[in-house]
Structures are given as structure tokens and as C-alpha cells.
Amino acid sequence: MSAAKKKKDSNQQELPIEGAVPAVPAEINPAKKKSADGNGSSAEHVVAEAFETLAPRPFDPKKIQAGLHTRVDRGFLDYASYVIRDRAIPNLADGLKPVQRRILWALHEKDDGRFIKVANVVGHTMQYHPHGDASIGDALVVLANKRYLIEGQGNFGNIFTGDPAAAPRYIECRLTELARTELFNDEITDFVPSYDGRNKEPVTLPSKLPLLLMLGTEGIAVGMASRILPHNFPELLEAQIAILKKQPFKCLPDFQTGGLMDARGYKDGAGEIKVRAKIKVKDESTVVIKEIPPTTTTDSLIGSIEDASHKGKIKVKSINDFTSEEVEIEVRAPSGVSAEQLVDALYAFTDCEVTIASRIVVIRNNRPVEMTVSDVLRENTAQVVETLKRELELKEAQLQDQLHFRTLERIFIEERIYKKIEQCKTNEAVQAAVYEGFKPFRKQLIRDLTDPDVERLLTVRIRRISLFDINKHREEME
């Protein structure tokens, strides 16, 4: 039966058609209307109210107004800024990453000249560094193996073989004398609250050493990376002396593992260098590797030789590793291959020759900048001069204060000003008597008398003073 022929049920309510707005007489409520059926009963018909549909808006990436987009953009920017400034890139002022600076500061706070268990140092550093004990322990081991700032006792691993250090509870460390004397001065150090606000940590250390180029470092941040090669410490000092004398200078990288370097592609901190292992010919068929390139270990080097042999690039009869305190890898060639041919093949097809790129990216004035070795050394030299000037000014002020109080003490005793306060009954009267007693001697003072000076003078223990005591005190002052 078709819909047209179907009989309409009077008891069934009529539902509005979706999208259609029914015509409602003005005298009838637009929301409800009554109708009468054959029995005289009435029924209420529900009519949906008309609403305005929203027109779709095309997506325009230049006009993003959604809160989620704004929050993601802002959050990623904050994260990138944090990783660049406070984690991965070293600061030009002291040449340290935040984790290194916090380790050295923790050692400075706990330093008593004796070795401290590394686990205790890691725990103390966690008051300042919010990234867990593993990162702190690894960074401490790296600093200890550099041997400039931290002296280790125990198994701190082997930079030649790549063996890891022992657990932190089994090894000990302390600051070197170089670090104690050249890195710290609490009186000229600026501090900020730690991540939880419970402690104070230094913004940068007042270092008088070119640590950035001494230590070398690698860091991968958001959108940038830094790779600073280590340099020879005496050569850096000679370069700073040349800067002060306004003479030309040149510095090249230097590595703990040794090797032979080709620095023709190294342009003042930019570019790349090639480093070869130092190989000696032992006999007609045997060579000995005595030094290895940086970024490699004896295990990785032997692995690259074995891999090249399996691929048929070089012919090797045997490989023996006798490395202990020094590298010694013996490689024997099969019959028909001379030692000279083996050396050429090792350089050509294994990690006996590596290429290392360099790019100096540092934080200067809270911003990442790319610099050269010469720029870094000039900045460090200017900082050394400024630090020494601040220390001398501080020492001068301390000596001036000491001389001022010695003069006050001498006048207070010799002129018996303390006798004038014996009859005073109030603190105000005592201070007034002391001020009055020093008025005739103002020209002998370095600066005016202050309330702290008076309080300090009143703590001086006055005993029976003879002429001998006065003369002795005067001789000490001279």
C-alpha cells in the first residue's frame, strides 16, 4: 500500500520532517498546538524550533585561533628553549653544561680535601639537577676521565677499551687543586633558586680557565647541535698570553687517545679534521696499533677490522689485543701480504682513520650563538681579566675594612674612649658617647664611624691596659 493511499491514524502524532520548518499560524503557540480528533479529545503536536546553522570555515594555517594549537606551540617553544639553554649546549662564561656545573658545585660544597663516595656526590647533585642519578653519574665519570677538574679513586672505566666505570658506591672522587683555586669564588658568584626552590645554585662559575676548549663537548638540542673538540691546555694558555700581548696565535685540537691528525680542513673551529691511528710495523707481516682515533675504542676498532675482513676488503691472519694502560693491538697479515700493504688497507677500510666535524655553538647572554676558537679565547681572556679585577677590588675592600677597624680599635684603646661609656645607663647613651669620643680623630679614619663599627667596638674585651700594651699594639699596627 502506498503512502498516498494509507489511511491516516488520528491518534498518531505527526512528526516534523528534518530540515523543514512547518508553517505555524500566528495565533497558535509555535512550540505547541492543539488539534481535535473525532472523539473530541485533543492532542499536542510538538514542533521543533528553527535554528541557525553555522557556515563551515576554511582552514587557514596563518590564522589559528584554537586553544590547543596555541598551547602546543607555546609548550614546544618552552621545551626547545629549555633543552638549548639548560641542558645540551654549554655556556660560554664557564664552558660547562648545567649538569657539569652542578656536579662541580656539589663537590665544592662537600669538599674537605678528602675523597667522597661518588654515590654521595650524585645524591647531593640531585638537589640541583632534576634529571636523575644516571645522567649525573655518567657526566661525573666523563669529567673525572678528563683529569683536569675531578680526581678519581677506583675504577672509572677505560677511555681506550670503552670499559664502563664501577658502580657509584664503589668509587670515590674529589676536586683537583686546579679546580679549587681557579673555578670558585662564592663572593663574586651570582646565584638563582634551584628547580624546587629549596637551594641556591650558581648561574655560572667565575672560572679563570678556558674550560670550553679544554674539555670539549658534544650536545644535541632542538634544531641545533654543538660539537667542540678538546684542545691542549698549555697551548690555550699560550694563546691567551698572545691575546693579551696582541700577537697572532693558532690553536689545534688535541685528544687523550692520541693519533695522527690532518687539520687542513679545520678552519678556526669550523670544518672537519681527519685522525688516524698510530701504526708501527713490527716485522714483515705484523703491525701494532699504538694509538687510536677519538670516537673509537679498541673493541670498536677491532670490530671494524673484522668486518672489513669478512667483506673481503682486507686480508688479516690474526688480531691480538694486549691493551692495558696503553693501546697495543697486534694485527698479523697472511702470507703474500706485506706489512706496508696491511697498513694502507687499515687506513682505507677500517676505523683506523676517522673524520670528525666541528661546530662551536654556545650560550652567550642566554642565546645560542655560533663562534670560532679565536672568538671563544678572546671572550675567555676578557672574562679572566674582569674576574681578576673583581677579586682584587673585593680584596682591597676587605683590607680597607680591616685597616679601618684596626684604626678604630687603636684609638678606642689609646685614647681611653671606653672610659666614657662606664657611666652610661642606656644603649643610646653608650653609642652617643662613642660617637662623641671619635669626633676629634675623624681625620685619622678611612671612613665615617657607623653603628656596626660601634657594635663591634663594644665587643672588644677591655682589660687592665699598661703603657707596654699600648706600645705593643702600636708596633703591631705599624
Side-chain angles (χ1 to χ4, degrees), residues 93-94 104-105 107-114 175 177-193 198-209 244 382-478:
D94 56 9
L104 293 172
W105 180 250
L107 279 170
H108 172 64
E109 288 188 323
K110 298 180 72 66
D111 184 41
D112 57 1
R114 297 181 296 177
L175 290 174
E177 189 62 27
L178 179 68
R180 289 192 188 97
T181 56
E182 305 299 334
L183 285 189
F184 304 100
N185 190 333
D186 298 353
E187 296 176 330
I188 61 173
T189 303
D190 297 326
F191 294 90
V192 293
R198 290 187 174 93
N199 301 281
K200 296 285 187 179
E201 64 174 313
V203 178
T204 57
L205 298 178
S207 172
K208 295 187 281 291
L209 301 173
L244 293 174
Q383 180 179 329
V384 170
V385 174
E386 181 63 26
T387 301
L388 292 174
K389 181 179 178 181
R390 291 179 63 187
E391 289 182 348
L392 289 175
E393 291 174 348
L394 179 63
K395 185 65 175 179
E396 181 185 12
Q398 293 173 348
L399 291 175
Q400 290 282 357
D401 289 341
Q402 186 177 357
L403 178 60
H404 174 69
F405 183 73
R406 291 290 186 183
T407 305
L408 291 177
E409 193 177 38
R410 177 181 58 82
I411 297 173
F412 189 69
I413 295 173
E414 291 181 357
E415 304 298 333
R416 297 180 178 273
I417 297 177
Y418 59 89
K419 289 289 187 179
K420 299 181 180 181
I421 66 176
E422 292 179 353
Q423 303 301 324
C424 299
K425 297 182 179 180
T426 63
N427 187 40
E428 291 78 6
V430 169
Q431 289 189 350
V434 174
Y435 276 106
E436 186 67 24
F438 273 97
K439 282 184 178 180
F441 310 101
R442 174 62 187 85
K443 293 182 179 180
Q444 300 182 31
L445 302 180
I446 297 176
R447 55 178 172 79
D448 292 334
L449 188 67
T450 60
D451 290 343
D453 294 333
V454 175
E455 294 294 333
R456 190 174 176 184
L457 283 172
L458 294 178
T459 61
V460 176
R461 299 182 63 180
I462 305 298
R463 296 184 179 180
R464 187 175 182 180
I465 301 175
S466 62
L467 182 61
F468 173 78
D469 296 327
I470 294 176
N471 293 333
K472 183 180 179 181
H473 187 78
R474 184 177 296 168
E475 291 176 357
E476 291 177 354
M477 289 297 299
E478 293 175 354

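Computed from heavy atoms alone, side chains included, the values below leave out hydrogens, waters and symmetry copies.
Nearest heavy atom pair, residue L449 against residue Y435, reads O-CE2, 3.6 Å. Summarising the geometry of P202 relative to L205, their closest heavy-atom pair is CG-CD2, 3.8 Å, with the distance given to 0.1 Å. Annotation for H404 and I446: closest pair N-CD1, 3.8 Å, computed over non-hydrogen atoms. Counting all heavy atoms, side chain and backbone alike, R390 lies closest to I188 at NH2-O, 3.1 Å. The shortest heavy-atom contact between F191 and D186 is CE1-O, 3.9 Å. Counting all heavy atoms, side chain and backbone alike, W105 lies closest to K200 at NE1-O, 3.8 Å.
Of the N and O atoms on the side chains of Q444 and R410, at least one donor lies less than 3.5 Å from an acceptor on the other residue. With 3.5 Å as the limit, one finds a donor-acceptor pair spanning the side chains of Q398 and E187.
Heavy-atom neighbours of R114 CZ from other residues, nucleotides or ligands within 6.0 Å: at or below the threshold of 12. Within 6.0 Å of atom CZ in R198, 12 or fewer heavy atoms from other residues, nucleotides or ligands are found, so the atom counts as exposed in its surroundings.
Ionic pairing of K389 and E386 is not present here: no N-O contact between side-chain nitrogen and carboxylate oxygen is shorter than 4.0 angstrom. For R180 and E177, the salt-bridge test passes: some basic side-chain N is under 4.0 Å from an acidic carboxylate O. Under the 4.0 Å criterion applied to side-chain N and carboxylate O atoms, K208 and E391 are assigned as salt-bridge partners.
The aromatic rings of H108 and F184 sit parallel to each other, their planes meeting at less than 30°, with 60° as the upper class boundary.
Residues satisfying the salt bridge (Lys or Arg N to Asp or Glu O under 4.0 Å) criterion with R456, sequence neighbours excluded, are absent altogether.
Between the side chain of Q431 and the main chain of D451, no donor-acceptor pair closer than 3.5 Å is present. In this structure a side-chain-to-backbone donor-acceptor pair under 3.5 Å is missing from D190 to V203.
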Next on the checklist: Quick one, T407 with L403, criterion side-chain contact (heavy atoms from CB on, under 4.5 Å). Give me CA distance, side-chain angles, the key distance, then yes/no.
Outcome noted: CA-CA 6 Å; T407 305; L403 178 60; 4.2 Å; yes
